[in-house]
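Taking it in order: structure first as structure tokens, then the write-up.
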Number of protein chains: 2
Amino acid sequence: MATRKKNSTYSRNETIIIECDLTYAVNKIGGRWKILILSKLETQKYRFSELKKELPYITERMLTLQLRTLEEDGLVKRTVYAEVPPRVEYELTEMAKEFGPIFKQLSEWGGKHRNAIIKV
Amino acid sequence: MATRKKNSTYSRNETIIIECDLTYAVNKIGGRWKILILSKLETQKYRFSELKKELPYITERMLTLQLRTLEEDGLVKRTVYAEVPPRVEYELTEMAKEFGPIFKQLSEWGGKHRNAIIKV
DNA sequence: TGTGGTACGAACAAATATGTAACTAATGGC
DNA sequence: GCCATTAGTTACATATTTGTTCGTACCACA
């Protein structure tokens, strides 16, 4: 087999595409779980295990990964209390709270048009 | 190796999660290219080859796939003209046009907070 | 000594998303 | 007949995302 270019266009495209502010924003909230997590945190702080209960189908691994990403992206603040057993609280940052009204509109769009399709 | 459960939670989770209107909406516009395509079509109709020129880094295959998905989701209307060589035009549906103001806000969010991070 | 709760981490596996390269049908123009 | 054009399609390769399973550190408490 000839050796192939490794990982050229895939990664390059990613950086190029993110130059679009809109794509950038959607990427922050894309994926299977991020929105659900952010929605929960909109109303209150949660501990890791509480979030897990709220999202029964997520695995601990996914919850961890998503929370880490959200933290890196500045959407979630993580606070560790040095106790035993450990306690860690997650809450939205100001930046994430600005999504609030946008989420509302997106949610309305979803409700409206999903029903439209189902009814047909 | 013991045979493993095939595809249990992955697909099941997808259907469960989509019950959230917000996640449903974001899934419609998620992925690498959909937003860029929709943004182009916000201003005018485009032929396949014109879209390709506007999005130089997308491959024909990806453009086809994304347009098909957008069509299935009712966001894009595809019109084929029985000519040779063929002519196919893509335009937004009313449903997709409703994303307009939301896109604007998301884009503003992206511009604002990306710059914030870069400046740090 | 042993058990339990919390918030993870690591190794592996399955599923999906994206990219590469080559190919096609139809037909007007040469 | 031969070529160029348009809008794809097909087979394959690679990259990323998501899920499964098992394990761990800490210490209070029985």
Side-chain angles (χ1 to χ4, degrees), chain A residues 1-18 23 26-27 29-37 45-71 76 78-90, chain B residues 1-18 23 27 29-37 45-53 55-71 76 78-90:
Chain A
M1 321 304 156
T3 54
R4 301 193 150 261
K5 297 182 214 167
K6 284 181 186 172
N7 178 24
S8 61
T9 310
Y10 192 96
S11 300
R12 193 162 48 84
N13 273 350
E14 181 158 28
T15 63
I16 288 167
I17 286 162
I18 296 299
T23 302
V26 173
N27 270 31
I29 59 175
R32 180 161 286 194
W33 301 106
K34 282 184 193 169
I35 283 179
L36 296 170
I37 294 171
K45 292 184 189 180
Y46 276 98
R47 298 180 59 176
F48 185 88
S49 56
E50 291 170 341
L51 271 177
K52 178 106 204 313
K53 273 177 213 152
E54 293 286 329
L55 305 171
Y57 299 107
I58 198 172
T59 62
E60 293 181 352
R61 171 183 148 79
M62 274 300 117
L63 184 53
T64 302
L65 287 177
Q66 300 306 307
L67 285 170
R68 288 286 180 280
T69 306
L70 290 169
E71 195 190 354
V76 159
R78 179 168 178 266
T79 310
V80 183
Y81 296 91
E83 302 172 0
V84 171
R87 182 161 63 97
V88 180
E89 282 185 351
Y90 294 92
Chain B
M1 312 311 150
T3 54
R4 297 192 154 261
K5 296 183 213 165
K6 285 182 185 175
N7 180 22
S8 61
T9 311
Y10 192 96
S11 300
R12 193 162 48 84
N13 272 351
E14 180 157 28
T15 65
I16 288 167
I17 285 164
I18 296 299
T23 303
N27 271 31
I29 58 173
R32 180 163 287 195
W33 300 105
K34 283 184 192 168
I35 283 179
L36 295 170
I37 295 171
K45 292 184 188 176
Y46 276 99
R47 297 179 61 175
F48 185 87
S49 54
E50 291 170 341
L51 271 177
K52 179 110 203 308
K53 273 176 213 152
L55 305 170
Y57 299 107
I58 197 172
T59 63
E60 293 179 352
R61 172 182 146 81
M62 273 301 117
L63 184 52
T64 302
L65 287 176
Q66 300 306 307
L67 285 169
R68 289 283 181 280
T69 306
L70 290 169
E71 196 191 353
V76 159
R78 178 169 177 266
T79 309
V80 183
Y81 296 90
E83 303 173 358
V84 170
R87 182 159 63 97
V88 181
E89 282 184 350
Y90 294 92

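Computed from a predicted model, the values in this text were never measured in an experiment. Sequence lines set the chain letters: A, B, ... in the order given, protein chains first and strands last, and positions in each chain run from 1.
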Specify the separation, in whole Å, of atom OH of A:Tyr46 and atom P of C:dT6.
16 Å
What is the distance, to the nearest angstrom, from the CZ atom on A:Arg87 to the C1' atom on D:dC27?
16 Å
Rounded to whole Å, the CG-P distance (B:Leu70 to C:dA17) equals 13 Å
Between B:Tyr90 (OH) and D:dA7 (C1'), how many Å, whole number?
7 Å
What is the nucleic acid contact for A:Tyr81, judged by heavy atoms within less than 4.0 Å: base, sugar-phosphate only, or nothing?
nothing
Using only side-chain N and O atoms of A:Arg78, determine if any of them is under 4.0 Å from OP1 or OP2 of C:dC8.
yes
Rounded off to whole Å, could you give me the CD-to-C1' distance for the B:Glu14 and C:dA17 pair?
12 Å
Least distance between heavy atoms, B:Lys52 atom then B:Thr59 atom:
CE-C, 4.2 Å
From CD1 of A:Ile35 across to C1' of D:dT17 the rounded distance in Å is 16 Å
Identify, between A:Glu89 and A:Asn13, the residue whose nearest nucleotide on DNA chain C lies closer to the 5' end.
A:Glu89
Want to settle it: does A:Val84 or B:Phe48 sit nearer the 5' end of DNA chain D, counting the closest nucleotide to each?
B:Phe48
Under-4.0 Å side-chain N/O to phosphate OP1/OP2 contact, B:Ser49 with D:dA7:
yes
Students often get this wrong, so: under 4.0 angstrom with heavy atoms, is B:Gln66 touching a base, only sugar-phosphate, or nothing?
sugar-phosphate
Does a nitrogen or oxygen in the side chain of B:Arg32 sit under 4.0 Å from OP1 or OP2 of D:dT16?
no
For DNA chain C, find the residues of residues 56-65 of chain B with a heavy-atom distance under 4.0 Å and give them by number; none if there aren't any.
B:Thr59, B:Arg61, B:Met62
Taking five pairs at each terminus, the helix from C:dT1-D:dA30 to C:dC30-D:dG1 shows an axis bend, to 10°, of 30°
Specify the separation, in whole Å, of atom CD of B:Glu71 and atom P of D:dA7.
15 Å
Separation of B:Arg61 CZ from B:Gln66 CD (nearest 0.5 Å):
10.0 Å
Tell me whether the OP1 or OP2 atom of D:dT17 has a side-chain N or O from A:Tyr10 closer than 4.0 Å.
no
Minimum heavy-atom distance A:Ile29-A:Ile35, with the two atoms named:
O-CG1, 3.3 Å
Would A:Arg32 and B:Tyr10 count as a cation-pi pair here, with the cationic atom under 6.0 angstrom from the ring centre and within 45° of the axis?
yes
Of all the heavy-atom pairs spanning A:Glu89 and A:Arg47, show the shortest one and how long it is.
CG-CG, 4.1 Å
Whether A:Thr9 contacts C:dT20 is assessed here as follows: a side-chain N or O lying under 4.0 Å from the phosphate OP1 or OP2. Is that the case?
yes
Output the rounded distance in Å from CG (A:Leu51) to P (C:dT6).
14 Å
